[in-house]
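Worksheet: the structure to be examined is printed underneath.
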Amino acid sequence: MADNQEATIRPKASAITEHITQKGYESPHLATSAQVQHNLEHQHLWTSMVGDIIPGQADNSNTLKKDPRQPPKEPIPLLSGYPPHRVYTHPDEQLYMLENGIREDDLEPERMFVVPTTQGQPWTLRHMAAVFDRLPEFKHKAEEHDRSVDPTSMQSEAEGLDPQKTEKLAQYYDKKEKARLTKEWGSQRVLLAMVDKGLGGDGTVAYYVVHEGEVKPRQN
């Protein structure tokens with residue numbers, strides 16, 4: 001009898017399972033987003049996480065033929081936060097930094113945007129177009145969040161550096177803003193987070209950098 005009772009004891013739920021259960025995420029899209037956020041915060045040490053969602057709409061084939069950039073049928077969750085280290089640097093930006101003696105440690109933290117998905121989930125260019133269309137609005141929301149938490153968060157942190165390095169950083173940020181407008185250092189980019197939830201999957205999350213448009217190849 002004792003052996004049978006021990007056999008029916010269920011193992012303790014994992015931290016992420018308890019997190020999803022406590023939050024009451026019934027939608028699989030929100031549950032996936034919660035799992036990715038948990039992974040970013042506790043395994044990769046991201047901070048100041050904020051979320052958004054691109055609402056889905058009825059899939060009307062006649063409407064889609066007229067406008068292929070209509071939002072997809074299902075909702076798409078989005079996340080954003082500050083990684084402890086830069087995730088990606090455009091090759092031309094990297095060259096500029098090397099030529100001017102600027103290290104990544106000299107730069108202010110940079111927000112990164114993440115799209116939570118699961119392995120095997122259908123994903124099309126229409127989905128990605130909807131994500132990039134939403135990014136400017138989501139970036140504004142994230143900036144408002146930063147200001148509400150810390151009113152000085154959008155200000156430069158170069159005051160403690162020597163005057164020469166301060167001048168180089170000022171020139172770098174000016175160049176970066178111009179490059180953003182001209183897309184000289186690439187256009188918008190996100191991380192595509194893919195959770196292994198298939199049969200036998202262990203919940204591992206893999207991250208892929210996805211760019212809007214063509215990307216200049218990196219030279220080794």
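Side-chain contact between E212 and R189: absent, with no pair of heavy atoms (C-beta onward) separated by less than 4.5 Å. Within the 4.5 Å cutoff, no side-chain heavy atoms of Q121 are placed close to those of T32. Contact check for M112 versus L191: side-chain heavy atoms found under the 4.5 Å cut-off. Counting heavy atoms from C-beta on, the side chains of V87 and V209 come closer than 4.5 Å. Under the 4.5 Å side-chain criterion, counting only non-hydrogen atoms from C-beta, L78 is in contact with V131. In this structure, the side chains of H44 and Y207 come closer than 4.5 Å at one or more pairs of heavy atoms. Residues T117 and V195 form no side-chain contact, since every pair of their non-hydrogen atoms from C-beta on lies 4.5 Å or further apart. In this structure, the side chains of T89 and E104 come closer than 4.5 Å at one or more pairs of heavy atoms.
In terms of the salt bridge (charged side-chain N to carboxylate O under 4.0 Å, His left out) criterion, residue partners of K175 (sequence neighbours excluded) are, by chain and number, E184. R180 meets the salt bridge (charged side-chain N to carboxylate O under 4.0 Å, His left out) test with E177; sequence neighbours excluded.
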(request) For side-chain contact (heavy atoms from CB on, under 4.5 Å), just list the numbers for V205 and M194, CA-CA rounded to whole Å, side-chain angles, deciding distance to a tenth of an Å, and then say yes or no. (result) CA-CA 5 Å; V205 186; M194 188 175 296; over 6 Å; no

(request) Output, in order, the C-alpha distance, side-chain angles, deciding distance and verdict of side-chain contact (heavy atoms from CB on, under 4.5 Å) for F138 and L79. (result) CA-CA 9 Å; F138 189 24; L79 294 171; 5.7 Å; no

(message) For L30 and I53: C-alpha separation, side-chain torsions, deciding distance, then whether side-chain contact (heavy atoms from CB on, under 4.5 Å) applies.
(response) CA-CA 9 Å; L30 294 180; I53 189 165; 4.1 Å; yes

(request) Please step through side chain to side chain donor-acceptor pair (under 3.5 Å) for the pair T124 and H127, ending with a clear verdict. (result) CA-CA 5 Å; T124 66; H127 288 76; 2.7 Å; yes

(request) Tell me, with the steps shown, if H145 and S48 meet side-chain contact (heavy atoms from CB on, under 4.5 Å). (result) CA-CA 8 Å; H145 170 269; S48 299; 4.3 Å; yes

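Atom CD of Q119 sits about 9.5 Å away from atom OG1 of T204, to the nearest 0.5 Å. Residue Y172 holds its OH atom at 9.0 Å from OH of Y96, rounded to the nearest 0.5 Å. Rounded to the nearest 0.5 Å, atoms CZ (R103) and CG (L98) are 12.5 Å apart. Here CG of L169 is found 8.5 Å from CD of E108. Values are rounded to the nearest 0.5 Å. For the atom pair CG of N100 and NZ of K168, the computed distance is 6.0 Å after rounding to the nearest 0.5 Å. Taking CZ of R86 as the reference point, atom CG of D105 lies at 11.0 Å (rounded to 0.5 Å).
The local environment of NZ in K183 is sparse, with at most 12 non-hydrogen atoms from other residues, nucleotides or ligands closer than 6.0 Å. At most 12 heavy atoms of other shown residues, nucleotides or ligands fall within 6.0 angstrom of atom CG in L125.
Summarising the geometry of W123 relative to M128, their closest heavy-atom pair is NE1-CE, 3.1 Å, with the distance given to 0.1 Å. Nearest heavy-atom pair across I54 and A130 is CD1-O, 3.5 Å. Across every non-hydrogen atom of F132 and V210, the tightest pair is CZ-O, 3.9 Å. Smallest separation of non-hydrogen atoms from R134 and P55: NH1-CD, 4.1 Å.
Although no hydrogens or angles enter the test, the distance criterion places no donor-acceptor pair under 3.5 Å between the side chain of S33 and the main chain of P116. Side chain of D162 to backbone of Q164: a donor-acceptor contact under 3.5 angstrom is found. Side chain of K139 to main chain of F113: no donor-acceptor pair is present (N/O by atom type, distance under 3.5 Å, no hydrogens or angles).
K176 pairs in a side chain to side chain donor-acceptor pair (under 3.5 Å) with only one of the listed residues (H90, Q171, E93), which is E93.
Under the 4.5 Å side-chain heavy-atom criterion for ILVMFWY residues, no single connected hydrophobic cluster contains both V36 and L45. Transitive grouping of hydrophobic side chains (ILVMFWY, heavy atoms separated by less than 4.5 Å) keeps L95 and Y173 in distinct clusters.
A salt bridge links E144 to R147: at least one charged side-chain nitrogen sits closer than 4.0 Å to a carboxylate oxygen. For D146 and R111, the salt-bridge test passes: some basic side-chain N is under 4.0 Å from an acidic carboxylate O.
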